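Structure, as structure tokens:
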Amino acid sequence: MLNDRLLVELDGDAAERRSSAGIVIPATAAVGKRLTWGTVVAAGQHVRQVALGDRVLFDPDERAEVELEARTYLLLREKDVHAVAAPREGSQGTGLYL
């Protein structure tokens, strides 16, 4: 990876989601602007605030898809990442905060 680029793997649940009432919403459903979660699998040498294995929130419209070894990844710039999820310090739960 070069410069400020990130290679991100989409979370498995990105294809379809379930509403709070239990209704399955397919990936093709038209929704307003929705951000997506993914996991960083590679980072360039100038990336400063994201590390390998971090879970990041980004706009799926600002991406390029790359296929490596029959798996699809996304190529992003570090500036296109809106948030990094991290476990709460001192908490016993698995909750995330931004």
Side-chain angles (χ1 to χ4, degrees):
M1 300 299 301
L2 298 174
N3 300 321
D4 66 340
R5 301 297 196 257
L6 298 169
L7 193 64
V8 176
E9 184 175 28
L10 279 176
D11 286 352
D13 62 350
E16 64 181 32
R17 56 194 187 282
R18 190 174 295 272
S19 72
S20 60
I23 299 170
V24 176
I25 303 169
T28 57
V31 183
K33 192 162 186 146
R34 183 175 179 88
L35 300 177
T36 304
W37 287 102
T39 304
V40 177
V41 295
Q45 70 270 25
H46 295 294
V47 173
R48 294 178 289 171
Q49 299 189 12
V50 179
L52 296 180
D54 281 351
R55 197 161 176 242
V56 294
L57 185 67
F58 61 93
D59 184 356
D61 294 335
E62 300 169 358
R63 65 182 180 155
E65 290 189 4
V66 176
E67 188 171 327
L68 299 170
E69 299 178 2
R71 295 182 73 174
T72 302
Y73 297 97
L74 305 176
L75 188 61
L76 301 172
R77 291 183 175 167
E78 184 181 20
K79 71 176 189 166
D80 293 334
V81 172
H82 293 280
V84 177
R88 284 190 189 152
E89 293 185 26
S91 173
Q92 297 295 331
T94 58
L96 300 175
Y97 74 97
L98 302 176

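Along the sequence shown, residues are numbered consecutively beginning with 1. Because the structure is a prediction, the values reported are computed rather than measured.
- Put simply, CG on Asp59 and OG1 on Thr36 are 7.5 Å apart, with the number rounded to the nearest 0.5 Å.
- Linking ILVMFWY residues whenever their side-chain heavy atoms come closer than 4.5 Å, directly or via other members, places Leu10 and Val50 in the same cluster.
- By the side chain to side chain donor-acceptor pair (under 3.5 Å) test, Arg71 is found to be paired with Glu9, residues two or more places apart in sequence or in another chain being considered.
- Not one N or O on the side chain of Glu65 forms a donor-acceptor pair closer than 3.5 Å with the backbone of Thr72.
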Exercise. Start with the C-alpha distance between Asn3 and Gln45, add both sets of side-chain angles, then the distance that settles side-chain contact (heavy atoms from CB on, under 4.5 Å), and finish with yes or no.
Key: CA-CA 6 Å; Asn3 300 321; Gln45 70 270 25; 4.2 Å; yes
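- Hydrophobic clustering, with ILVMFWY side chains joined whenever heavy atoms are under 4.5 angstrom apart, groups Leu68 together with Val41.
- Linking Ile, Leu, Val, Met, Phe, Trp and Tyr residues whenever their side-chain heavy atoms come within less than 4.5 Å places Phe58 and Val40 in a single cluster.
- Smallest separation of non-hydrogen atoms from Arg48 and Glu78: N-OE2, 3.2 Å.
- Residue-environment remark: CZ (Arg77) stays at or below the threshold of 12 foreign heavy atoms within 6.0 Å.
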(request) Could you check Leu6 against Met1 for side-chain contact (heavy atoms from CB on, under 4.5 Å), going step by step and ending with a plain yes or no? (result) CA-CA 7 Å; Leu6 298 169; Met1 300 299 301; 5.7 Å; no
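- Considering every non-hydrogen atom in both His82 and Leu35, the closest pair reads CD2-CD2, 3.9 Å.
- In the hydrophobic clustering of ILVMFWY residues, with side-chain heavy atoms under 4.5 Å counting as a link, Val84 and Leu75 come out apart.
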| message | The test is side-chain contact (heavy atoms from CB on, under 4.5 Å); show your working for Val8 and Val81 and say whether it passes. | response | CA-CA 11 Å; Val8 176; Val81 172; over 6 Å; no
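- Residue Tyr73 is not grouped with residue Leu57 when hydrophobic side chains (ILVMFWY) are merged at heavy-atom distances under 4.5 angstrom, including chains of intermediate members.
- Remark: Glu69 engages no residue in a salt bridge (charged side-chain N to carboxylate O under 4.0 Å, His left out) (not counting sequence neighbours).
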